[in-house]
Visitor: 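I'd like to ask you about the structure that follows.
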Amino acid sequence: MQDLVVIGGGVWGVSAAKAAVDEGAGVLLLETRLGVGSEATAKAGGIVTDLLWNAEDQAWVEESRRLYAATSEWARDATMLQRLGMVTLADPRRHHLLKAQAAALQERGIPAELCTLNELAHEFPDLSVVAPDSLGLWLPGDWHVNPTQYCQIVADQARRQGVEIRTDHRVRRLRIEAGAVVLEGPGEPIRARRVLIAAGAWTRRLVATAGLDLPLRPYRVQLASLAIEPGHHFPMVWDLATDTYIVPDGPRAMLAGDGTRLWEHDPDTYDQNGDRDFLDGLAEHVPTLVAAGARAHVVSSWAGAVGATPDRRPLLGFLEERVAVACGDNGFGVMRGPAIGRLAGRMAMGAESVRPHLDPKRLPPSEFAIRPGFTLEA
Ligand SMILES: Cc1cc2nc3c(=O)[nH]c(=O)nc-3n(C[C@H](O)[C@H](O)[C@H](O)COP(=O)(O)OP(=O)(O)OC[C@H]3O[C@@H](n4cnc5c(N)ncnc54)[C@H](O)[C@@H]3O)c2cc1C
């Protein structure tokens, strides 16, 4: 019998498996896809920012940064993270939001600078296309990470410590018996003392097979890769007015997103391509953010499934004595993933006390409005 089975090999599940083996547990990780970090984790923009409305999230970002950096150093792979910095732009109606954020960040000791458009364009001439009455908040410490690379490296570390990782293994059903949880899927049923379900947008569907429920609603987030001419230099940019963001991706490409679709989607059947209106929105907005946008063209676009919770906080802890969950990323789970996964793995092994405010049973599993998690407002 396994000590702990972690279901889901995204950034949360892989981080949890590593934390559990660090505690001396025998761990088996099961993942539907052919490799770890293949679903939402692979589709993410990879933004890691301090610009968050919740203090606990801010602390998780700080810890995740440490874990990303340590992983990159361990693998001697400097390509996993890029210290690009991020500018958040606000039109005059939203200047007050940026000013409040700047003051709060500075109070926390985070380098954060309010800049006029002139000042920004002086530093990054590509931003000279932005409306001149915009205000920018410059966070030089913000990063872009490659979360799939992180998952692959952490999986490698975990394997060396004894974690068994089975990919191409979709758990179809959970059965709770006296003294064990039985997992049905391909091959012989697997028996575990404890199970941690970190199956992202699929978590509610999976716990339902054991007669359990969660306040988690899957929704769809889109991103596109745009080819640009070389010779441009700009940071990550997030425009509050249009909710469009761009991320430089090497000298000839950028990622661009704004495509959150805030209604429930079936994680097994949602459309994984970018919508026409999403791409039309990018064609309109990206050229107003960077000069490189004027001649950019879309090379590919995609959508991934993420999970909303009623209060936009994660669901971490036990649903049953032997069944723990780690889900409810609310669309910004890469920047907090290493820390949340670690906490979940330690909680599942009893090395960390449960947190009542994250308890997966704290809210009824009823219908609720899906709201974006990555916003400035509480
Ligand atoms: C387009 C897009 C852009 C985004 N940009 C950002 C960003 O810039 N910054 C940020 O912080 N976040 C971003 N996110 C959100 C981020 O991707 C997620 O919050 C994060 O990846 C969640 O990680 P996870 O491990 O919980 O989920 P996932 O990565 O989805 O992992 C869950 C895993 O569970 C597996 N699984 C499911 N069911 C089963 C089963 N029955 N048996 C076995 N395995 C199973 C799945 O195959 C999957 O690999 C973005 C998301 C999208 C879609």
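Please read these numbers as outputs of a predicted model, since none were measured by experiment. One-based numbering along the sequence shown.
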Visitor: Just to verify, what does His265 make a ring-ring contact (aromatic ring centres under 6.0 Å, His included) with, not counting sequence neighbours?
Guide: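 Trp263.
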Visitor: Does Asp3 pair with Arg194 as a salt bridge, N-O distance under 4.0 Å?
Guide: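 Here Asp3 does not pair with Arg194 in a salt bridge, since their nearest N and O are not under 4.0 Å apart.
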Visitor: Hydrophobic clusters join Ile, Leu, Val, Met, Phe, Trp and Tyr when side-chain heavy atoms are under 4.5 Å apart, directly or via other members; which others share one with Phe368?
Guide: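 Phe368 clusters with nothing; isolated.
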Visitor: Check whether any side-chain N or O of Gln222 sits under 3.5 Å from a backbone N or O of Asp275 as a donor-acceptor pair, and report yes or no.
Guide: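 Answer holds: yes.
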Visitor: With ring-ring contact (aromatic ring centres under 6.0 Å, His included) as the rule and sequence neighbours excluded, what pairs involving residues 79-116 come up?
Guide: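 Not a single pair qualifies under ring-ring contact (aromatic ring centres under 6.0 Å, His included).
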Visitor: More than 12 heavy atoms of other residues, nucleotides or ligands under 6.0 Å from CD of Glu177: yes or no?
Guide: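 Yes, because the 6.0 Å sphere around CD of Glu177 holds more than 12 heavy atoms from other groups.
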Visitor: Main chain of Ala112, side chain of Gln106: is a donor-acceptor contact present, judged purely on distance under 3.5 Å?
Guide: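 Yes; judged by distance alone, with no hydrogens or angles, the pair exists.
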Visitor: Minimum heavy-atom separation for Leu255 to Gly45, with atom names?
Guide: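 For Leu255 versus Gly45, the nearest heavy atoms are CD1-O, 3.9 Å.
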Visitor: Between Glu352 and Arg342, is there a salt bridge with N-O shorter than 4.0 Å?
Guide: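 Looking at Glu352 together with Arg342, the answer is no, because their closest N to O distance does not fall below 4.0 Å.
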Visitor: Is there a donor-acceptor pair under 3.5 Å between the side chain of Thr167 and the backbone N or O of Gly35?
Guide: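 Side chain of Thr167 to backbone of Gly35, a donor-acceptor pair under 3.5 Å: no, none is there.
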Visitor: Which other residues belong to the hydrophobic cluster containing Trp53, where Ile, Leu, Val, Met, Phe, Trp and Tyr are joined when side-chain heavy atoms lie under 4.5 Å apart, directly or via other members?
Guide: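 Other cluster members: none.
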Visitor: Only counting residues at least two apart or in another chain, list the ones meeting salt bridge (Lys or Arg N to Asp or Glu O under 4.0 Å) with Glu62.
Guide: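 Testing Glu62 for salt bridge (Lys or Arg N to Asp or Glu O under 4.0 Å), a comparison that skips the adjacent residues, returns none.
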Visitor: Could you check if a side-chain atom of Val354 sits within less than 4.5 angstrom of a side-chain atom of Asp359, using non-hydrogen atoms only?
Guide: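 Not touching, per the 4.5 Å side-chain cut-off.
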Visitor: Considering only residues two or more places apart or on different chains, which pairs with a residue in residues 146-192 satisfy ring-ring contact (aromatic ring centres under 6.0 Å, His included)?
Guide: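 Output for this query lists Tyr68-Tyr150.
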Visitor: Would you please name every residue forming a ring-ring contact (aromatic ring centres under 6.0 Å, His included) with Trp143, sequence neighbours left out?
Guide: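 Scan of Trp143 (ring-ring contact (aromatic ring centres under 6.0 Å, His included), adjacent residues dropped) gives none.
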Visitor: Please examine the side chains of Asp22 and Gln161, heavy atoms only from C-beta on, and report whether any two atoms are closer than 4.5 Å.
Guide: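 Yes; the side chains approach each other to less than 4.5 Å.
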Visitor: For Ala104, does its backbone N or O pair with a side-chain atom of Arg108 as donor and acceptor, under 3.5 Å?
Guide: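 No, the answer is negative, given that no donor and acceptor are paired below the 3.5 Å cut-off.
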Visitor: For the residue pair Glu63 and Leu343, establish whether any side-chain heavy-atom pair is separated by less than 4.5 Å.
Guide: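 They are not in side-chain contact.
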Visitor: Please collect all ring-ring contact (aromatic ring centres under 6.0 Å, His included) contacts where either partner lies in residues 292-330, sequence neighbours excluded, each pair once.
Guide: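 Residue pairs with at least one partner in residues 292-330: there are none.
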Visitor: Any side-chain heavy atom of Val11 sitting closer than 4.5 Å to one from Pro338?
Guide: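 SC-SC contact between Val11 and Pro338 confirmed.
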Visitor: Side chains of residues 180-188: which donor-acceptor partners sit under 3.5 Å, not counting sequence neighbours?
Guide:
residue: Glu184; atom: OE2; partner: Arg175; partner atom: NH1; Å: 2.2

Visitor: Hey, could you give me the CZ/CD distance between Arg193 and Gln2, rounded to the nearest 0.5 Å?
Guide: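 Here the rounded value is 9.0 Å.
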Visitor: Just verifying a value: how many Å separate Trp238 CH2 and Leu376 CG, rounded to the nearest 0.5 Å?
Guide: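 Trp238 atom CH2 to Leu376 atom CG measures 4.5 Å (nearest 0.5 Å).
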Visitor: State whether Arg261 and Asp271 are salt-bridged, where the test is any N-O pair (Lys NZ or Arg NE/NH1/NH2 against Asp/Glu carboxylate O) under 4.0 Å.
Guide: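 Result for this pair is no, no salt bridge flagged.
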Visitor: Among Asn330, Asp329, Val334, find the one that has a side-chain contact (heavy atoms from CB on, under 4.5 Å) with Phe332.
Guide: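 One option only clears the test, and that one is Asn330.
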Visitor: Within the 4.5 Å heavy-atom criterion, are Arg204 and Arg217 side-chain neighbours or not?
Guide: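 The answer is yes; the side chains approach within 4.5 Å.
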Visitor: For residues Thr309 and Leu363, determine if any side-chain heavy atom of one lies less than 4.5 Å from a side-chain heavy atom of the other.
Guide: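 When only atoms from C-beta onward are counted, Leu363 and Thr309 do not touch, as no gap falls below 4.5 Å.
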Visitor: So, taking the atom named OG1 in Thr88 and the one named CG in Leu137, what distance separates them when rounded to the nearest 0.5 Å?
Guide: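 So the OG1 of Thr88 and the CG of Leu137 are separated by 5.5 Å.
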Visitor: In the hydrophobic cluster built from side-chain contacts under 4.5 Å, what are the other members alongside Val306?
Guide: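 Besides Val306, the hydrophobic cluster comprises Tyr219, Val221, Leu262, Ile370, listed by chain and residue number.
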Visitor: Can you tell me if Asp243 uses its side chain to pair, donor with acceptor, with the backbone of Asp258 under 3.5 Å?
Guide: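 Checked: no pair found.
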Visitor: Under 3.5 Å, side chain of Ser64 to main-chain N/O of Ala339, donor-acceptor pair present?
Guide: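 The answer is yes, because a donor-acceptor pair under 3.5 Å joins these two groups.
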Visitor: With sequence neighbours left out, write down each residue that passes side chain to side chain contact (heavy atoms under 4.5 Å, CB included) with Val61, or none if nothing qualifies.
Guide: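 Partners of Val61 by the side chain to side chain contact (heavy atoms under 4.5 Å, CB included) criterion, ordered by chain and then number, come out as Val48, Asp50, Leu52, Arg65, Met335, Arg336.
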Visitor: Strictly distance-based, threshold 3.5 Å: is any side-chain N or O of Ser15 a donor or acceptor partner for the main-chain N or O of Gly341?
Guide: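 Pair absent, no side-chain N/O of Ser15 close to backbone of Gly341.
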Visitor: With a 4.5 Å cut-off on side-chain heavy atoms, are Glu31 and Ile165 touching?
Guide: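 No, their side chains stay 4.5 Å or more apart.
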Visitor: Measuring only between side-chain heavy atoms, which start at C-beta, is Arg322 closer than 4.5 Å to Val195?
Guide: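 The answer is no; the side chains never approach within 4.5 Å.
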Visitor: Measure the spacing between CG of Leu174 and CG of Leu319 and express it to the nearest 0.5 Å.
Guide: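 Leu174 atom CG to Leu319 atom CG measures 10.0 Å (nearest 0.5 Å).
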Visitor: If you measure from CG on Leu81 to CD on Gln149, what distance do you get to the nearest 0.5 Å?
Guide: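 That separation rounds to 9.0 Å.
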Visitor: Leu226: which other cluster members, linking ILVMFWY side chains closer than 4.5 Å, directly or transitively?
Guide: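 Hydrophobic cluster check, Leu226: joined to Val87, Leu89, Leu117, Leu120, Phe124, Leu127, Val130, Trp138, Ile228, Phe234, Val237, Ile246, Met254, Phe278, Leu279, Leu282, Val286, Leu289, Val290, Val298.
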Visitor: List the steps and the verdict of side-chain contact (heavy atoms from CB on, under 4.5 Å) for Val36 and Gln152.
Guide: CA-CA 6 Å; Val36 293; Gln152 289 164 346; 4.1 Å; yes
